[in-house]
Amino acid sequence: MTKLSVNINKIATLRNSRGGDLPNVVQFAKDIQRFGAEGVTIHPRPDERHIRYKDAYDLKPEVYTEYNIEGNPIPKFVDMVLEIKPTQVTLVPDAVDAITSNAGWDTITHKSFLTEVISEFKSNGIRTSIFLDPDLKQVEGAKKTGTDRIELYTEAYAHQYRLGNNDAIEPYKKAADFANSLQLGINAGHDLSLDNIKFFKQNITGLLEVSIGHALISESLYLGIENVVQIYLHRLK
Ligand SMILES: CC(=O)[C@@H](O)[C@H](O)COP(=O)(O)O
Ligand SMILES: NCC(=O)COP(=O)(O)O
């Protein structure tokens, strides 16, 4: 079964745009779970451009599905995650000024750092996942860090699929099959959408979770949030 985790960064973007508390991020997280979401994902960035560190704490008591906090494991982020103890932490090698996540980890170069930080999260009962390009060497390197899961970075797939190049799924199929052989859990995310999710799901064996935000919130402007969640859940069956 593939769980749908809704990334609510864009709700915080809208809230921050007027300096008030509308839409309320915590209320949205409660409602999105009521509509069927099987997880809530946030990505508090150091500049707090959307999700603020306070949001991460405020959400903890209200997320009764799976709570996934994503981010670059800088000391402030690590300390916050250890205090909150979400279901899962997803480590992303984002530069501070990145407009969005744009690369997976180099698990070979950063093996010792990742191994140490992953061990700390796991010893605190937090499931770990690391953001990864669909590269077999990086998958092998991820296994050596002790992470529970990898998150396949799906921007390249989404871009090529939009152009009609279905072959873009091939590296992801190979990476997933290899991850499965190493008993690594498989998540996926970035630019997944109603258009590309079914083909991705059909081709990836053992897909445990997708985290979707930008497209899902954008699609909801036309189709309604409850309806969109239900369509994603149907296409993930
Ligand atoms: C790791 C990942 O793909 C998502 O967290 C994505 O980066 C969303 O971040 P923004 O909402 O800041 O674009
Ligand atoms: N990990 C991916 C995520 O949380 C959402 O990415 P996107 O759907 O906003 O591109």
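Each ligand, and each atom within it, is numbered from 1 in the order the structure gives. Every value quoted in this text rests on a predicted model; they were computed, and no experiment measured them.
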Participant: I'd like to know if Arg45 pairs up with Asp47 as an ion pair, taking the criterion as any Lys NZ or Arg NE/NH1/NH2 lying under 4.0 Å from an Asp or Glu carboxylate oxygen.
Facilitator: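 No, no charged N to carboxylate O under 4.0 Å.
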
Participant: Considering heavy atoms of the protein only, find what lies nearest to atom 8 (O) of ligand 2 and give residue, atom and distance to 0.1 Å.
Facilitator: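 Looking only at protein heavy atoms, the one closest to atom 8 (O) of ligand 2 is Gly213 N, 2.8 Å.
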
Participant: N/O of Lys10 under 3.5 Å from N/O of ligand 2, yes or no?
Facilitator: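 For ligand 2, there is no N or O atom that lies under 3.5 Å from one belonging to Lys10.
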
Participant: Check this for me - ligand 2, Thr41, N or O atoms closer than 3.5 angstrom, yes or no?
Facilitator: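 Among all N and O atoms of Thr41, none is under 3.5 Å from an N or O of ligand 2.
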
Participant: Which bit of Glu70 gets closer than 4.0 Å to ligand 2, counting heavy atoms only: side chain, backbone, both or neither?
Facilitator: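 The side chain, only.
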
Participant: Out of all atoms in ligand 2, which are within 4.0 Å of some heavy atom of Ile212? Include the element for each.
Facilitator: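 The atoms of ligand 2 under 4.0 Å from a heavy atom of Ile212 are 8 (O).
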
Participant: Using the rule side chain to side chain donor-acceptor pair (under 3.5 Å), only one of Asn68, Asn9, Asn187 pairs with Thr41; which is it?
Facilitator: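 With Thr41 as partner, Asn68, Asn9, Asn187 yield a single side chain to side chain donor-acceptor pair (under 3.5 Å), made by Asn68.
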
Participant: Keeping Thr147 on the side-chain end and Thr128 on the backbone end, is there a donor-acceptor pair under 3.5 Å?
Facilitator: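 Here the side-chain-to-backbone pair exists.
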
Participant: Taking the cut-offs as 6.0 angstrom to the six-membered ring centre and 45 degrees off its axis, would you call Lys76 and Tyr53 a cation-pi pair?
Facilitator: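 Judged by the rule (NZ or CZ under 6.0 Å from the ring centre, within 45° of its axis), Lys76 counts as positioned above Tyr53.
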
Participant: One pair per line, please: each N/O atom of ligand 1 matched with every protein N/O atom under 3.5 Å away, atom names first, then the distance to 0.1 Å.
Facilitator:
{"from": "ligand 1", "atom 1": "3 (O)", "to": "His190", "atom 2": "ND1", "distance (Å)": "2.6"}
{"from": "ligand 1", "atom 1": "5 (O)", "to": "His43", "atom 2": "ND1", "distance (Å)": "2.7"}
{"from": "ligand 1", "atom 1": "5 (O)", "to": "Glu70", "atom 2": "OE1", "distance (Å)": "2.5"}
{"from": "ligand 1", "atom 1": "7 (O)", "to": "Arg45", "atom 2": "NH2", "distance (Å)": "2.9"}
{"from": "ligand 1", "atom 1": "7 (O)", "to": "Thr100", "atom 2": "OG1", "distance (Å)": "3.4"}
{"from": "ligand 1", "atom 1": "7 (O)", "to": "Ser101", "atom 2": "N", "distance (Å)": "3.4"}
{"from": "ligand 1", "atom 1": "7 (O)", "to": "Ser101", "atom 2": "OG", "distance (Å)": "2.4"}
{"from": "ligand 1", "atom 1": "9 (O)", "to": "Asn9", "atom 2": "ND2", "distance (Å)": "3.4"}
{"from": "ligand 1", "atom 1": "9 (O)", "to": "Arg45", "atom 2": "NH2", "distance (Å)": "3.1"}
{"from": "ligand 1", "atom 1": "11 (O)", "to": "Asn9", "atom 2": "ND2", "distance (Å)": "2.8"}
{"from": "ligand 1", "atom 1": "12 (O)", "to": "Arg45", "atom 2": "NE", "distance (Å)": "2.8"}
{"from": "ligand 1", "atom 1": "12 (O)", "to": "Arg45", "atom 2": "NH2", "distance (Å)": "3.3"}
{"from": "ligand 1", "atom 1": "12 (O)", "to": "His50", "atom 2": "NE2", "distance (Å)": "2.7"}
{"from": "ligand 1", "atom 1": "13 (O)", "to": "Thr100", "atom 2": "OG1", "distance (Å)": "2.6"}

Participant: Will you find, in the side chains of Asn7 and Ser211, an N or O donor that is under 3.5 Å from an N or O acceptor?
Facilitator: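 The answer is no; no qualifying pair exists.
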
Participant: Taking everything shown except Glu62 itself, do over 12 heavy atoms lie less than 6.0 Å from its CD?
Facilitator: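 Enclosed.
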
Participant: May I ask you to identify, for Glu151, whether its side chain, its backbone, both or neither come under 4.0 Å of ligand 2 on a heavy-atom basis?
Facilitator: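 Only the side chain of Glu151 comes within reach of ligand 2.
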
Participant: Could you tell me whether Asp195 and Arg235 have a side-chain N and a carboxylate O separated by less than 4.0 Å?
Facilitator: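 Judged by the 4.0 Å cut-off on N to carboxylate O distance, Asp195 and Arg235 do not form a salt bridge.
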
Participant: Tell me the protein heavy atom at minimum distance from atom 9 (O) of ligand 2, and give that distance in Å.
Facilitator: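 Here the closest protein heavy atom is His214 N, 2.8 Å.
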
Participant: Could you say whether the N/O atoms of Phe131 and ligand 2 ever approach to under 3.5 Å?
Facilitator: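 In this structure, Phe131 places no N or O atom under 3.5 Å from an N or O of ligand 2.
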
Participant: Please assess Lys173 against Asp167 for the test salt bridge (Lys or Arg N to Asp or Glu O under 4.0 Å), listing each intermediate value before the final yes or no.
Facilitator: CA-CA 10 Å; Lys173 283 170 73 170; Asp167 292 347; over 6 Å; no

Participant: With a 4.0 Å cut-off on heavy atoms, does Leu192 reach ligand 2?
Facilitator: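 Under 4.0 Å: no for Leu192.
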
Participant: Which protein heavy atom lies closest to atom 4 (O) of ligand 2, and at what distance to 0.1 Å?
Facilitator: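 Looking only at protein heavy atoms, the one closest to atom 4 (O) of ligand 2 is Asn7 ND2, 2.8 Å.
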
Participant: How far is atom 6 (O) of ligand 2 from its nearest protein heavy atom, and which residue and atom name does that atom have?
Facilitator: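 Here the nearest protein heavy atom works out to His190 CA, 3.7 Å.
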
Participant: Which residue owns the protein heavy atom closest to atom 10 (O) of ligand 2, what's the atom, and how far is it?
Facilitator: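 Going by distance alone, atom 10 (O) of ligand 2 is nearest to Asp191 N, 2.8 Å.
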
Participant: So, are Arg127 and Glu66 salt-bridged, with charged N and O less than 4.0 Å apart?
Facilitator: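 The answer is yes: the pair qualifies as a salt bridge.
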
Participant: Nearest heavy-atom pair of Phe178 and Leu136: which atoms, and what distance?
Facilitator: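 Result for this residue pair: CE2-O, 3.4 Å.
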
Participant: Among side-chain atoms of Gln27 and Asp31, is any donor-acceptor pair under 3.5 angstrom?
Facilitator: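 Distance-only check passes for Gln27 and Asp31.
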
Participant: State, without any angle test, whether Glu38 and Gln33 hold a side-chain donor-acceptor pair at a distance under 3.5 Å.
Facilitator: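 No donor-acceptor contact under 3.5 Å links the two side chains.
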
